[in-house]
There are 2 protein chains.
Amino acid sequence: MSIKRKTKSLNAILSVFEQREEALSVVDLVDEFKDDMNKTTVYRILERLENEGVIHSFTGSKGLMWYAKCQTCTTHHHHDVHPHFECKDCGKVECLELEIEIPQINNRHIDSASIMLQGQCADCIKK
Amino acid sequence: MSIKRKTKSLNAILSVFEQREEALSVVDLVDEFKDDMNKTTVYRILERLENEGVIHSFTGSKGLMWYAKCQTCTTHHHHDVHPHFECKDCGKVECLELEIEIPQINNRHIDSASIMLQGQCADCIKK
DNA sequence: AAATTAACGCAACTTAGTTGCAAAAATAAT
DNA sequence: ATTATTTTTGCAACTAAGTTGCGTTAATTT
């Protein structure tokens with residue numbers, strides 16, 4: 001399934017991702033647009049945008065769904081497995097443009113990785 | 001909260017972890033013991049065992065809770081951030097006794113990491 | 001054996017995410 | 001420009017994971 005029509009709901013969500021660098025949890029997005037659109041719509045628009053390669057999803061530390069704008073993931077496949085960072089203080093989640101070496105181990109065949117780093121962001125260290 | 005009494009429910013769950021090396025999702029454990037104990041009991045026993053440093057929890061790729069026996073995590077704090085591995089074919093999840101180098105980046109202060117590797121396990125490669 | 005305390009069961013609840021279907025809106029066709 | 005077609009949306013209902021409160025049971029302690 002791909003994007004056939006650029007509706008105003010889709011553009012509203014899209015502009016949120018364009019305006020900020022951080023990742024967004026679906027829960028926060030549903031809340032942010034609760035007066036403008038149904039939560040089902042939010043879920044479906046995010047799904048479409050991911051299929052188009054505009055954003056990518058990942059699972060946060062508490063098991064919630066998060067989405068972030070794609071920078072390096074140019075194709076529809078998002079096979080760049082970049083790590084994500086979560087600030088323990090302010091809750092902000094960001095993509096890290098960083099290659100983490102994933103060693104091949106034992107007899108296994110590892111083809112992807114979800115890496116979630118936790119700590120303090122630059123802003124919260126100062127405080 | 002710690003373990004005050006070693007009841008038969010607790011011993012039943014404990015023996016599952018002792019008998020196998022793989023991690024277990026809470027969902028699977030609740031199902032496995034559905035005739036023997038309430039799901040609330042399963043959740044609470046797992047919580048107690050984690051506080052005692054017997055097992056440790058992590059979030060799986062689909063956002064579910066998983067638990068595994070502690071090998072290297074000797075204290076109550078589990079600060080060894082070893083990666084976990086999930087087989088895409090058979091669904092098995094395992095701890096990897098492997099140190100992954102987490103680089104300090106930018107101005108951030110990274111103190112922990114959740115690393116989930118995906119691929120094929122040794123058994124599933126053979127098939 | 002009685003009292004204390006920890007563990008358990010149950011039911012009800014919360015929250016995230018999904019599904020089916022009818023209505024609305026956007027695009028295409030006549 | 002109306003009509004027909006297709007996509008998108010809203011709504012309500014649902015599933016599934018995990019939590020909470022409270023009364024009861026069971027294990028220790030005295």
Side-chain angles (χ1 to χ4, degrees), chain A residues 1-17 23-68 76 84 86 91 93 114 116, chain B residues 1-17 23-68 76 84 86 91 93 114 116:
Chain A
M1 224 173 277
S2 61
I3 301 167
K4 300 288 162 64
R5 290 169 199 184
K6 283 217 167 184
T7 61
K8 58 173 181 286
S9 295
L10 188 139
N11 283 321
I13 290 182
L14 202 51
S15 71
V16 172
F17 283 102
L24 290 154
S25 74
V26 181
V27 172
D28 286 341
L29 277 166
V30 166
D31 185 66
E32 191 164 333
F33 289 105
K34 66 173 180 290
D35 298 326
D36 308 307
M37 65 189 93
N38 193 272
K39 71 168 175 174
T40 314
T41 306
V42 177
Y43 277 95
R44 290 197 273 227
I45 287 173
L46 292 170
E47 192 185 5
R48 271 181 271 156
L49 288 172
E50 184 170 32
N51 289 336
E52 282 295 296
V54 181
I55 56 176
H56 63 277
S57 68
F58 56 96
T59 302
S61 63
K62 288 144 207 141
L64 296 190
M65 282 186 89
W66 287 75
Y67 281 92
H76 296 191
H84 293 94
E86 180 182 12
V93 174
S114 315
M116 195 73 204
Chain B
M1 224 174 276
S2 60
I3 301 168
K4 299 288 162 64
R5 291 169 198 182
K6 284 217 167 185
T7 61
K8 57 173 182 286
S9 296
L10 188 137
N11 283 323
I13 289 182
L14 202 51
S15 71
V16 172
F17 283 101
L24 290 154
S25 75
V26 182
V27 172
D28 286 341
L29 277 165
V30 167
D31 185 65
E32 191 164 332
F33 288 104
K34 66 173 180 290
D35 298 326
D36 308 306
M37 66 189 90
N38 192 272
K39 71 167 176 174
T40 313
T41 306
V42 176
Y43 277 96
R44 290 197 273 227
I45 287 173
L46 292 170
E47 191 185 6
R48 271 181 270 154
L49 287 173
E50 183 170 32
N51 289 336
E52 282 296 297
V54 181
I55 56 176
H56 63 276
S57 68
F58 57 96
T59 302
S61 62
K62 288 144 208 141
L64 296 190
M65 283 185 87
W66 287 75
Y67 281 93
H76 295 193
H84 294 94
E86 180 183 11
V93 174
S114 314
M116 195 73 205

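The figures that follow rest on heavy atoms only: side chains count, while hydrogens, waters and symmetry mates do not. Chain letters run A, B, ... following the sequence lines, proteins first, then strands; residues in each count from 1.
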Here the gap from B:Trp66 atom CH2 to B:Asp28 atom CG, rounded to the nearest 0.5 Å, amounts to 6.0 Å
For C:dC8, does either OP1 or OP2 sit under 4.0 Å from a side-chain N or O belonging to B:Ser9?
-> yes
Between B:Lys6 and B:Thr40, just flag the one whose closest nucleotide in DNA chain D comes earlier from the 5' side.
-> B:Thr40
Measuring from A:Leu10:CG to A:Leu49:CG, what's the distance to the nearest 0.5 Å?
-> 5.0 Å
For DNA chain C, whose closest nucleotide is more 5', that of A:Met65 or that of B:Val42?
-> B:Val42
Shortest non-hydrogen contact from A:Ala23 toward A:Phe58 | CB-CZ, 3.7 Å
Name the nucleic acid region contacted by A:Thr7, choosing base, sugar-phosphate or nothing; use a 4.0 angstrom heavy-atom cut-off, strictly under.
-> sugar-phosphate
Got B:Leu14 and B:Lys6 here, is their nearest side-chain heavy-atom distance under 4.5 Å?
-> yes
Going from NE2 on A:His84 to OG on A:Ser61, what distance comes out if it is rounded to the nearest 0.5 angstrom?
-> 12.5 Å
In whole angstrom, what separates A:Leu46's CG from D:dT8's P?
-> 14 Å
Roughly, in whole Å, what's the span from NZ in B:Lys8 to C1' in D:dT25?
-> 10 Å
Take the protein atom NZ of A:Lys62 and the nucleotide atom C1' of D:dA17, then report the distance between them rounded to whole Å.
-> 17 Å
Members of residues 24-38 of chain A that approach DNA chain D, where some heavy atom sits under 4.0 Å away = A:Asp36, A:Met37, A:Asn38
Examine the base of D:dG18 for any acceptor or donor lying under 3.5 Å from a partner atom in the side chain of B:Arg44, and report the outcome as yes or no.
-> no
A:Lys39 has an atom NZ; how far is it from atom P of D:dA13, in whole Å?
-> 13 Å
Spacing of B:Arg5 atom CZ relative to D:dA26 atom C1', expressed in whole Å = 7 Å
Is the distance from OP1 or OP2 of C:dG9 to the nearest side-chain N or O of B:Thr41 less than 4.0 Å?
-> yes
For atom OH of A:Tyr43 and atom P of D:dC11, their distance in whole Å = 17 Å
Using residues 36-43 of chain B as the side-chain source, report each donor-acceptor pair under 3.5 Å to any protein atom, sequence neighbours left out, with the distance given to one decimal.
from    : atom 1 : to      : atom 2 : distance (Å)
B:Asn38 : OD1    : B:Thr40 : N      : 2.9
B:Asn38 : OD1    : B:Thr40 : OG1    : 2.9

What is the distance from CZ of A:Phe58 to P of C:dG17, rounded to the nearest Å?
-> 12 Å
Value in whole Å for how far the P atom of C:dG9 lies from CG of B:Leu10 | 12 Å
Supply the atom-to-atom distance B:Ile55 CD1 to B:Glu47 CD, rounded to the nearest 0.5 angstrom.
-> 10.5 Å
